[in-house]
Amino acid sequence: MTDFITKQRRTHNCGELRVSNVGQTVVLMGWAHRRRDHGGVIFVDLRDREGLTQIVFNPEVAPEAHRKAHSIRSEYVLAVRGTLKRRLEGMTNPSLPTGEVELMVEELEILNESKTPPFVLDTEADISESIRLKYRYLDLRREQLQRNLVLRSKVAEAARNYLSGAGFLEVETPFLTKSTPEGARDFLVPSRINPGMFYALPQSPQLFKQLLMISGFDRYYQIVKCFRDEDLRADRQPEFTQIDIEMSFVTEEDVLGVMEGLMAEIFKKGLDIDITTPFPRLTWEDAVERYGRDNPDIRFDLELRDITDIAAGCGFKVFAETAAAGGIVKAMKVENGKRLSRKDLDELPGYVSEFGAKGLAWARVNEGDWTSPIYKFLDPRDVTAINKKLEANPGDLILFAADTPSVVNEALGNLRMRLAQRLGLIEPGNYSFVWITDFPMFEYSEAEGRLVALHHPFTSPLPEDIPLVDKDPAKVRARAYDLVLNGSEIGGGSIRIHRSDVQKKVFSTLKIGDDEARSKFGFLLDALEYGAPPHGGIAFGLDRIIMLMARAESIRDVIAFPKTQKGTCLLTDAPSPATPEQLMELSLKVVKG
RNA sequence: GGGGCCGUAGUUAAGUUGGUUAUAACGCCGGCCUGUCACGCCGGAGGGCGUGGGUUCGAGUCCCAUCGGCCCCGCCA
């Protein structure tokens, strides 16, 4: 066996040869994707990151190479040298970019053999995810994941170029840092040198980027891992990547404008799609009112209407009593309601029950009346009023939910999404951005029995609402904004508090005492006293953006080495127990498990 | 913490009301084939049904527990 690879260099990749290269002597290296042995001539599709090229072993051209080629199996690693030929008419493969040419092999070296892979790599077949994850390095050879990671790399590159061109500096911030109250559960890292002490992995570089503004860096960005020890979902991993950004001397308009440019750039470079800017904006209040959620998909209508005022005085007890008890009644109109059968309607209560709704009323609008289980309880005037409010016409279907505001909004907001999918109202390939602004500053947490920051405690209130921070915190609006794409929150940020007196006030409303604020955020409060500039920023979830761009169903499909829903890695078997020696060194004792 | 779906050859799946040696396709192995490109044709090997209990004359099919994968609620400032 010759040491081919030391003598010859790869001249091309497997995706680039065309008719214009015909006649050239070519060296290719790659994996045997498929093999077709005709007894005489043998065809192999040679694969690398860039594509497939058919290579041909003909006993009359190169007997030695042809003899060796008999042993080629799937995923063998090959180096071949030969002459590029144009394929004869009728023998081309229009489904391959390289399909008009083929490499007539003169010399073959098998660089490595391969065991038979546990699953075939050359099809779109659905392989169970646990096997794919265990052999992730093989799954990553498949076209779909290769495409996703190429897209991810392109987008990250476009983001860096854009931000760098706009005067942003990339600065790294620590992973071994301080645990912060509020927010998600932290991952802790024990300190060997300081027994009994722990670092926390950052949930985001939030405080460091603010400190960088105070340091005068003016414009900062970082594409950075963040860590949150919470349960996983189809779009949530315990470690994920943010495009983290912060700017000094800016208002909301500056931040939003630069970010719209960033989105346009990554969609252009990643998918060659032109995004229209500026993006539409909705206040948080309008978003919840009209769509039931703060991450609305605005590609379709099915808007919600509040009919609590009509319901309060109507004869249907469930509605009237809900209204009397401070709840709300909202409704959604489905045009051409025949698209939902009685059976479909019977399934809806089960679906909304996932969100805490106790039921879902429906009405089919006819000329002059309704077909509806609740029609007999209603006065004709109420029916007319509801029709009018929803602009409902004969043939339409109206769906109602009555409960607390959060249950109604969540139930109908999610139902809206489901119906849109069911009725095919969503055009694939359509990207629709919307900014959500004017979030409430605080939100009551049942679990903690106190107000918590909806965004985070460093978000600045609207200037005119600052006096309300002590008096009526529930009414305070924040200078926060989220970017929503097709019903997914892909980023969020705010103009920050840059005055220590305001920051202290917010901590106090959050019932974070002086001592606690001092011990947890003392460094920030100190820094704010040394000439902190007005500043604000945003962080984008890179994984989610890539998911949407790649139309992936799972965040795992856009991450090279993701975790399972239980947070384990089937490839490496992490996490795993620590040895007694490791624990001893860290002054740790495992109590159970 | 809770709800749901799913674990049968290497892979993807089928397996009737529990009943002889558990099916198929792809993959794999061998043979034939000089123009295929999901090559074709012929032949072959390969699992005892995630694991552990139980019910039964008899369990892939029923029951319980447990492990694992996925989806969702809670959680995720």
Side-chain angles (χ1 to χ4, degrees), chain A residues 33-46 52-61 66 73-75 85 87-96 98-99 102 104 115-135 138 180-186 203-204 206 226-238 240 350-357 407 410-411 414 418 439-443 445-448 451-459 478 480 489 492-494 506 510 512 539 541 553-554 556 563-566 568 570:
Chain A
H33 188 63
R34 261 192 288 254
R35 180 182 69 118
R36 293 175 293 280
D37 183 347
H38 286 252
V41 67
I42 297 171
F43 301 96
V44 172
D45 292 332
L46 195 68
L52 292 175
T53 300
Q54 172 164 284
I55 61 176
V56 187
F57 297 91
N58 187 320
E60 288 163 13
V61 173
H66 179 264
R73 295 292 181 275
S74 285
E75 301 307 306
K85 302 281 190 205
R87 295 203 204 177
L88 296 177
E89 203 166 325
M91 294 195 270
T92 60
N93 184 347
S95 61
L96 286 183
T98 61
E102 62 189 7
M104 194 57 73
K115 289 169 72 173
T116 300
F119 50 90
V120 289
L121 307 183
D122 62 354
T123 68
E124 301 275 319
D126 285 331
I127 308 298
S128 73
E129 200 162 359
S130 52
I131 290 168
R132 292 172 48 203
L133 289 170
K134 178 175 178 186
Y135 297 96
L138 297 180
T180 53
E182 308 282 298
R185 208 173 280 116
D186 285 319
Q203 296 174 26
S204 83
Q206 181 61 36
C226 300
F227 306 87
R228 295 180 189 177
D229 188 5
E230 298 293 347
D231 287 359
L232 289 79
R233 287 286 189 285
D235 62 353
R236 264 161 46 187
Q237 284 273 303
F240 61 99
Y351 177 68
V352 296
S353 72
E354 285 174 40
F355 307 98
V407 167
E410 229 176 293
N414 283 294
R418 189 186 177 93
F439 281 76
M441 181 81 193
F442 305 105
E443 169 183 60
S445 162
E446 295 283 344
E448 302 197 36
L451 291 173
V452 297
L454 190 68
H455 193 62
H456 59 54
F458 318 108
T459 298
E489 180 201 326
S494 61
V506 168
L510 293 170
I512 299 174
E553 281 179 18
S554 161
R556 296 179 298 279
K563 305 280 189 290
T564 67
Q565 191 164 53
K566 281 215 169 88
T568 64
L570 297 180

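Throughout, a chain's letter reflects where its sequence line sits, starting with A, and its residues are numbered from 1. In this text, all values refer to a predicted model and were calculated from it rather than measured experimentally.
Across B:U12 and B:C6, the matching C1' atoms stand 14 Å from one another, rounded to whole Å. The separation of B:C39 from B:G15, taken at their P atoms, amounts to 30 Å, rounded to a whole angstrom.
Between the CG atom of A:Asp231 and the P atom of B:C70 there is a distance of 13 Å, given to the nearest Å. The CZ atom of A:Arg87 sits 14 Å away from the P atom of B:G35 (whole-angstrom rounding). In this entry the distance linking CZ of A:Arg185 with P of B:G74 reads 14 Å, nearest Å.
For A:Gln54 and B:U36, the shortest distance from a side-chain N or O to OP1 or OP2 is not below 4.0 Å. Distances shorter than 4.0 Å separate none of the side-chain N or O atoms of A:Ser353 from OP1 or OP2 on B:G3. Using a 4.0 Å cut-off, no side-chain N or O of A:Arg36 falls inside it from OP1 or OP2 of B:U36. Note on A:Ser128: every side-chain N or O is 4.0 Å or more away from OP1 and OP2 of B:G7.
In this structure, of B:C71, B:C75, B:U34, it is B:C71 that holds the atom nearest to the side chain of A:Ser554. Ranking B:U34, B:C37, B:U36 by closeness to the A:Phe43 side chain, first place goes to B:U36. For A:Glu410, taking side-chain heavy atoms from C-beta onward, the closest of the listed nucleotides B:C37, B:G74, B:U34 is B:G74. Side-chain proximity of A:Arg73 to the nucleotides B:C72, B:C29, B:A38 is greatest for B:C29. For A:Met91, whose side chain is taken as the heavy atoms from C-beta onward, the closest listed nucleotide among B:C37, B:U11, B:G69 is B:C37. With B:C39, B:G69, B:C37 as the choices, the nucleotide that has an atom nearest any side-chain atom of A:His38 turns out to be B:C39.
Within the 4.0 angstrom heavy-atom criterion, base atoms lie near A:Asp37. Residue A:Arg556 is classed as a sugar-phosphate contact, given heavy-atom separations below 4.0 Å to backbone atoms only.
Between A:Asp235 and A:Leu570, the one whose closest nucleotide on RNA chain B sits nearer the 5' end is A:Leu570.
At a threshold of 4.5 Å between non-hydrogen side-chain atoms, the residues A:Gln203 and A:Glu230 do not count as touching. Side-chain contact check for A:Met91 versus A:Glu102: every heavy-atom pair is 4.5 Å or farther apart.
Judged by centroid separation below 5.5 Å and plane tilt below 30°, A:Phe119 does not stack onto the base of B:U11.
Using a 90° window around 0 for the glycosidic torsion, B:G68 falls outside it and is classed as anti.
Under the 30°/60° scheme for interplanar angles, the aromatic rings of A:Tyr351 and A:Phe355 are found to stand perpendicular.
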